[in-house]
**Q** 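Got a structure here, written out as structure tokens. Questions coming.
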Amino acid sequence: MALSRAERRTLDEIARRVAAEDPEYARRLSAFGGHEAGALGLPARRSLLPVVLVGVLLAASFAAFAVATARRDGEPARRAPHVLLRP
């Protein structure tokens with residue numbers, strides 16, 4: 001969500017006042033520039049991507065493990081016999 005012109009002017013005026021009153025503080029604040037938050041104050045999508053990928057990988061691993069160890073009616077899955085016997 002973009003700021004209106006009036007809001008941008010107000011913030012620029014505040015920045016000028018801070019820079020005039022305390023140049024060292026203004027310099028330290030400017031070192032944090034470039035890290036903009038999203039509309040709700042959340043980090044940008046690029047910084048959330050690794051977290052989402054790890055979550056997806058964990059969920060996929062859990063699902064694969066659950067399928068691999070699935071049991072029917074509480075009984076272990078039965079294996080087919082290695083040798084078929086003829087009657």
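This chain uses plain numbering: 1 for the first residue, then up along the sequence.
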**Q** Identify the heavy atoms of P23 and A20 that sit nearest to each other, and give their distance.
**A** CD-O, 4.3 Å

**Q** Suppose we screen for salt bridge (charged side-chain N to carboxylate O under 4.0 Å, His left out). Which residues come up paired with R27, at least two apart in sequence or across chains?
**A** E24

**Q** Who else is in the cluster with V54 when I, L, V, M, F, W and Y are joined by side-chain contacts under 4.5 Å?
**A**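 Once heavy-atom contacts under 4.5 Å are chained together, V54 belongs with L58.
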
**Q** In the single-linkage hydrophobic clustering (I, L, V, M, F, W, Y; side-chain heavy atoms under 4.5 Å), do L49 and L57 co-cluster?
**A**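 As far as the 4.5 Å side-chain criterion goes, L57 and L49 are not connected within one cluster.
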
**Q** Looking at E13 and R9, does any basic side-chain N land under 4.0 Å from a carboxylate oxygen?
**A** no

**Q** Nearest 0.5 Å, what's the CG-CZ distance between L11 and R16?
**A** 10.5 Å

**Q** Using a 4.5 Å cut-off between side-chain heavy atoms of Ile, Leu, Val, Met, Phe, Trp and Tyr, which other residues end up in the same hydrophobic cluster as V52?
**A** V56

**Q** If the condition is side-chain contact (heavy atoms from CB on, under 4.5 Å), which residues does S4 pass it with, not counting sequence neighbours?
**A**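 Testing S4 for side-chain contact (heavy atoms from CB on, under 4.5 Å), a comparison that skips the adjacent residues, returns A6, E7.
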
**Q** Starting from V51, walk the hydrophobic network (Ile, Leu, Val, Met, Phe, Trp, Tyr; side-chain heavy atoms closer than 4.5 Å) and list everyone else you reach, by chain and number.
**A**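 So far as hydrophobic clustering goes, V51 is joined with none.
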
**Q** How would you list, by chain and number, every residue that makes a side-chain contact (heavy atoms from CB on, under 4.5 Å) with A26, sequence neighbours excluded?
**A**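 Testing A26 for side-chain contact (heavy atoms from CB on, under 4.5 Å), a comparison that skips the adjacent residues, returns V18, A19.
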
